[in-house]
Amino acid sequence: MAKTVAPVYDPQAIEPKWRDAWKKAGLFRAREDGNKPKFYNLVMFPYPSGPLHMGHFRNYVIGDAFARYKLMRGFNVLNPFGWDAFGLPAENAAIQSGIPPRVSIEGNIAISKHELDLMGVLYAWDREVTTSNEDYYRWTQWLFLKFLEQGLAYKQKAWVNWCPKDNTVLANEQIVNGVCWRCGTKPTKKELEQWFFKITAYAQRLLDDLNKLDRWPERVKVMQANWIGRSEGADLDFFLEREGKLRVFTTRPDTVFGATFMVVAPEHEILPKIVTPDQRAAVDAYIERTKAETEIERLSTEHEKTGVFSGAYAINPFSEERIPIWIADYVLANYGTGAIMAVPGHDSRDFEFARQHKLPIRRVIGPSLDAADKPLDTAFEAYDGVLVNSGAFNGLSVKEGIERITAEAERKGIGKRTITYRLRDWLISRQRYWGVPIPIIYCPDHGIVPVPDRQLPVRLPAEVEFRSDGQNPLAHTPSFVNTTCPKCGKPSRRETDTMDTFVDSSWYFLRYASGDDPSQPFDKKRVDYWMPVDQYTGGIEHAILHLLYSRFFMKVLFDAKMVSVDEPFAALFTQGMIHRNGYVMSKSKGNGITPDYMVEKYGADTGRVYELFIGPPDQDAEWNDRGVDGVARFLHRIWRQIVGEEDGVVPGMARVPSEELTRKLHETIEKVTRDVEAFHFNTAMSALMELSNAMQDYLQAGGRRNDAWEAACRDLTRLLGPFAPHLAEELWQRLGGEGLLVYQPWPEPDPTILRRAKVTVVVQVDGRLRDRIEMPAGIDQSDAQARALKSPNVERAIGGRRVQRAVHVPDRLINLVTG
RNA sequence: GCGGGCGUAGCCGAAUUGGUACAGGCGCACGGCUUAGGACCGUGUGGCGCAAGCCAUGGAGGUUCGAGUCCUCUCGCCCGCACCA
């Protein structure tokens, strides 16, 4: 047996060499090039929080592998990266350590960049975006002013969610499970003047256009649809007994005859006008109590519905009954009209409230007309039934009832059809320093004055005093606050709130597309070339927040004719998280595997392939150190197979047919291609392992290093390119390949080779497997049946019965049915 | 409560349209090579059975020539929303 000592696979020795070669070649330096189809590949950019671990890398490895794959497929690939660099952690660190946010962020970026590089993850760094850099945030300010101009940004006093730990307000989307999404603190309510973006103006389009997103995960679309929360119904006016009226929103106008009382939210503005003197003390006490409660406390009181009688009465416009008006916090001030008609017979919440406060419960929907007097021991909420105890409307179906009663209310001028959304406007003010200053000046004469374009950016001052009381340092920096009115020059004050960092991330993908244009936020022509993002990959935690905001931005810019598509992300992939020792891999849990460790112990390629192999990419996965060893073995073996020169020729042994190997190769090309397109990286990796196993079997059986073998080596190397790029480059070079592998075309399967001459046909008798028989491909049913009947196993299974019929799946299966 | 998803080997997991259940990896066993190895290579590896074969995809039914896949019920787990009128 011929044997020469082959150098062993030494990733540390080869990896840096190839990274340098890619950089020198300008890998991923993208230009707008009409000759090739474009492919915009994007991973969600991170907040630069310091050292990365392998949990973070799942996203980047998937993104990098896909970008390299698309490159080999002949696309003009844009594969950029950047930093969502504004945000609270850097500011909190500054308060504790005194290190200015800009300094710590820059340090963290340098560390992260080094780690990405170590893992062979490359980007179009010439298009790098850092949201906290002046050349980016001046355009965030510019866009804010654009929104203001369009009437899509406004300032309003509102009851808002306040996080006492972070000392800032939060948007509704940023309360997750009743607590601050960032720090987990229970928010309280504050009434403050705040800046909002009018995302509700786009509620319907944001909902409708989910249908366009056929390459988004269903669950993300469902989450967004639920968040937008469209309800169809009617607004109805109830006249008050004394004077005035109270408007309610209901999705069930058909149940109006069952409205036996009304409920208004404690914050409702009508209250001072209607509360009677004898109830005033009780009402005031109740309002005070609800104000003190945080959201989470309101949730925990789910089972006891508190409330207080206002002393006032309204008249039900349909039944003409006199009904009491109550105040209760189970009615929300900022949904619908902040008031409801309570129909305890057909709404479980109203039912519970009526029970507790001894209010009448009336049935107005029943399974049939004769059920009118059947008592209700629970709210009957179903839509299948007929109206009862409803005067002229008795006997109508629920659907007809909704239609007719709404029409009647419209005719009488006391109501109208309405669509209500759960979505609220996006609160973007943050009372913190490390963010984009809102470009607004308050003039004693002119009020709110936008900063003129030519004065942008409003610079975030570097020299500020970080206060331990958590107050915004900007408000205490006179050189920032004090300015002059752009209109009249009078001494004026600057807005000291900064923008929610989700504003920064709502348009960064447009900036990438444009390079670093100093004259505008982005260049329409270049954006038109690249957009939409063809593949967006990131975490599920942004299912609502970032992904909804970005969609909103895109639609606003589309309406302003600044872009030509109104959905930013054509395809979305949300990868699962990596766990280790039972917890999500994280710095705080101390269970992180660092890229440095991986590279030192195994090499970057083992880390990359393991992260792709670990499990279905959209699901969480458990990191297994032994599994990493398995992948390392796989790559070592490939090295030995391709670089090693052990020949499998065994004297006297029959030559092993190389067609088998060639077919396996082409099946692998076909499978890996299909799997990568479908983001099934785990099965793509197992297909590569199978090919390597087949090559091993071939050598083992005495196969020679002939053309078939050479082809297998060459194509396996190319198939490895996107996943184990350093190893693949080295193998490519040693195989005598031209140029860099990363610029080689992806292999194509040969259909004539895939077409087998012989196939294994499964033979069943009455649906049970009895034999497997080699038959020529394309065999027809009667021939297949004839061959099947010759099998002793089949004969025994038939046992002398008659074959009544047969089911034939060409080239796969024949089932002989005797029964 | 409403919405979405998932239950396959000792473990992670494969399985176009219903068509050979368990690919690949881990682990385990045995063997080889080694001074030695937790390295490397090879073989085997769902259960029962001497075998033919039978039983196996959370459980119970159903449709079908044929069900992990479709339908009904049921148990368990995960995720999202959660007093949204």
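A, B, ... follow the sequence lines: proteins, then strands. Residue 1 opens every chain. Heavy atoms only: backbone and side chains are in, while hydrogens, waters and symmetry mates are out. In this text, all values refer to a predicted model and were calculated from it rather than measured experimentally.
- For C65(B), neither phosphate oxygen OP1 nor OP2 lies less than 4.0 angstrom from any side-chain nitrogen or oxygen of Arg768(A).
- Across all strands, Gln804(A) comes closer than 4.0 Å to no nucleic acid atom at all (heavy-atom distances).
- In a base pair of the Watson-Crick type (N1 to N3 plus N6-O4 or O6-N4) or a G-U wobble (N1-O2 and O6-N3), with each distance short of 3.5 Å, C65(B) is matched with G19(B).
- The partner of A82(B) cannot be assigned: no Watson-Crick or G-U wobble pair with both contacts below 3.5 Å exists in any strand.
- Applying the Watson-Crick and G-U wobble criteria (two distances, each under 3.5 Å), G37(B) pairs with nothing in any strand.
- Between Gln764(A) and Ile614(A), it is Ile614(A) whose nearest contact on RNA chain B lies nearer the 5' terminus.
- Contact annotation for Val222(A): backbone-only contact, meaning every heavy-atom pair under 4.0 Å involves sugar-phosphate atoms and none involves a base.
- Distance Arg637(A) CZ to A39(B) C1': 15 Å, rounded to the nearest Å.
- Here Arg626(A) lies in heavy-atom contact (under 4.0 Å) with sugar-phosphate atoms only.
- Side chains of Leu612(A) and Asn682(A) form no contact here, defined as non-hydrogen atoms less than 4.5 Å apart.
- If you check every strand for non-hydrogen atoms under 4.0 Å, Arg770(A) touches sugar and phosphate atoms only.
- Within the nucleic acid shown, Asn815(A) comes within 4.0 Å of at least one base atom, counting heavy atoms only.
- Counting only heavy atoms from C-beta outward, the side chains of Gln575(A) and Gln619(A) never approach each other to under 4.5 Å.
- Between atom NE2 of residue His546(A) and atom CZ of residue Arg551(A) there is a gap of 12.0 Å, rounded to the nearest 0.5 Å.
- Taking atom CG on Asp697(A) and atom P on G42(B), their separation rounds to 8 Å, with Å as the unit.
- Across C79(B) and A85(B), the matching P atoms stand 26 Å from one another, rounded to whole Å.
- Comparing the C1' positions of A9(B) and C22(B) gives an interatomic distance of 7 Å, to the nearest angstrom.
- Within 4.0 Å of Asn334(A), counting heavy atoms only, lies no atom of the nucleic acid at all.
- Nucleic acid contact class of Glu622(A) (heavy atoms, under 4.0 Å, all strands): none.
- A 3.5 Å limit on both hydrogen-bonding distances identifies G76(B) as the Watson-Crick or G-U partner of C6(B).
- Spacing of C1' atoms, U69(B) relative to U8(B), comes out at 12 Å, to the nearest Å.
- In this structure, of A39(B), A23(B), G19(B), it is A39(B) that holds the atom nearest to the side chain of Arg633(A).
- As judged by a 4.0 angstrom heavy-atom cut-off over every strand, Asn693(A) is placed among residues touching the sugar-phosphate backbone only.
- As judged by a 4.0 angstrom heavy-atom cut-off over every strand, Arg219(A) is placed among residues touching the sugar-phosphate backbone only.
- Rounded to a whole angstrom, the distance from the P atom of A23(B) to that of G13(B) is 16 Å.
- Seen from the ring of Phe353(A), Lys305(A) does not count as a face-on cation partner, given the 6.0 Å and 45° thresholds.
- At least one cation-pi condition fails for Arg608(A) and Phe613(A): the charged atom is not both under 6.0 angstrom from the six-membered ring centre and inside a 45 degree cone around its axis.
- The residue Gly630(A) sits close only to the backbone: its heavy atoms come under 4.0 Å of sugar-phosphate atoms, none of a base.
- Using a 4.0 Å heavy-atom distance criterion, Arg796(A) is classed as a sugar-phosphate-only contact.
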